[in-house]
Amino acid sequence: MPADEHAARRWLALRDPAYIGRLMPLLRPAVNGYFRSEVHGMDTVPDGGVLMVSNHSGGLVPMDVPVVALAFYDQFGAQRPFHVLAHDGLMLAAKSLLGPAGFLPASRANALAALRAGATTMVFPGGDYDVFRPTCAGATIDFAGRTGYVRTALEAGVPIVPVVTIGGQEQFLILSRGEGLARALRLDKLLRLGIAPVIVGFPFGLTSGFVPNLPLPAKLVTQVLPAVYPVEEFGADPDVDAVDAAIRARMQIALHELARRRRFPVLG
């Protein structure tokens, strides 16, 4: 067995439904109370292996992850496997907490192993670039040109379920990703970070986005879109860029619609 496949299986084995059953009620006050989240369309997620692809929001406090995880748990229970791909640094720092909850280090090998095992697997192609997009671009889908999620879905032979969330970029006032500052500080070399975001938050005011400010109680609304079956829709040998463009276009339309319905920042 290849080393990466063996490592992926070890990560998958860490997921503990009993642990998840204890964890999810602890998330509910924040997800349903403080952020007043709404999730629509979770009941349309197909059975078996599914690749969920989502925009990423919230800066240092990306609540779209627990929002979707709790909604998935409420819809399908803890026994149906659900995994989230996360940054290697986060996984190394909190393996004992995140591993049993179903988090996996972000790699194609881990994603393929989870999908082939029949798990719903969630990815955020935009990563840190997307999660720290300026607040003025809160309703913009931008994966920074990353299309690996399409290749992963094609290789695993699974449908892609797009997911969009509005409101996360209102938790803080994000002024800039700070890409130039990141290069100057060599964060790309030291920490695999291409950004050094600049935000305004409470209680520390104008700070780096990595300072633990308290997020504002922005209302989060999530829409799960219909599944995309790439081979059925785009042919036996689909063009990856064409599939990516179509998925992002559908996500953009849905996100604009959620933004249009939003009456006030933070309040929703």
Output the distance between atom [atom1] ([X]) and atom [atom2] ([Y]), rounded to the nearest 0.5 Å.
| X | Y | atom1 | atom2 | result |
| --- | --- | --- | --- | --- |
| T140 | L255 | OG1 | CG | 7.5 Å |
| I253 | L258 | CD1 | CG | 12.5 Å |
| M122 | L104 | CE | CG | 13.5 Å |
| F103 | L85 | CZ | CG | 10.0 Å |
| R261 | H256 | CZ | NE2 | 14.0 Å |
| E257 | I166 | CD | CD1 | 11.0 Å |

With side chains defined as the heavy atoms from C-beta onward, is the minimum distance between [X] and [Y] less than 4.5 Å?
| X | Y | value |
| --- | --- | --- |
| T121 | T152 | no |
| M52 | V45 | yes |
| V68 | V39 | no |
| Q75 | V224 | no |
| D244 | Y149 | yes |
| I174 | R133 | no |
| V84 | F124 | yes |
| Y73 | I20 | yes |

With distance as the sole test, does [X] use its side chain to make a donor-acceptor pair with the main-chain N or O of [Y] at under 3.5 Å?
| X | Y | answer |
| --- | --- | --- |
| N110 | P105 | yes |
| R36 | P217 | yes |
| Q252 | I141 | yes |
| R146 | P125 | yes |
| E170 | V266 | yes |
| Y129 | D142 | no |
| H40 | Q223 | no |

Hey, any chance [X] and [Y] share a hydrophobic cluster, counting ILVMFWY side chains that come within less than 4.5 Å of each other, even indirectly?
| X | Y | answer |
| --- | --- | --- |
| F35 | L216 | no |
| L173 | L181 | no |
| F72 | L98 | yes |
| V231 | V158 | yes |
| I160 | V240 | yes |

Verify whether the ring centers belonging to F204 and F172 lie closer than 6.0 Å. no

Can the ring centres of F82 and F76 be said to be less than 6.0 Å apart? no

To check you understand the geometry: which heavy-atom pair defines the closest contact between [X] and [Y], and what is its length?
| X | Y | result |
| --- | --- | --- |
| G168 | S57 | CA-CB, 3.7 Å |
| A101 | L23 | CB-CD2, 3.9 Å |
| G58 | Q169 | N-OE1, 2.6 Å |
| G102 | H83 | O-ND1, 2.8 Å |
| Y34 | P215 | OH-O, 2.6 Å |
| D239 | A242 | OD2-N, 2.8 Å |

When you check the gap from the basic side-chain N to the acidic O, do E179 and R183 get nearer than 4.0 Å? no

Got a salt bridge between K219 and E38, using NZ or NE/NH1/NH2 to carboxylate O under 4.0 Å? yes

One pair to check against side chain to side chain contact (heavy atoms under 4.5 Å, CB included): T120 and V161. What are the steps and the verdict? CA-CA 10 Å; T120 299; V161 173; over 6 Å; no

Go through the side-chain N and O atoms of S54 and D64 and say whether any donor and acceptor fall under 3.5 Å apart. no

Count the heavy atoms of every other residue, nucleotide or ligand shown that sit under 6.0 Å from CG of D43, and state whether that count exceeds 12. yes

From the options I199, L220, L60, T135, select the one residue that forms a side chain to side chain contact (heavy atoms under 4.5 Å, CB included) with Q171. L220

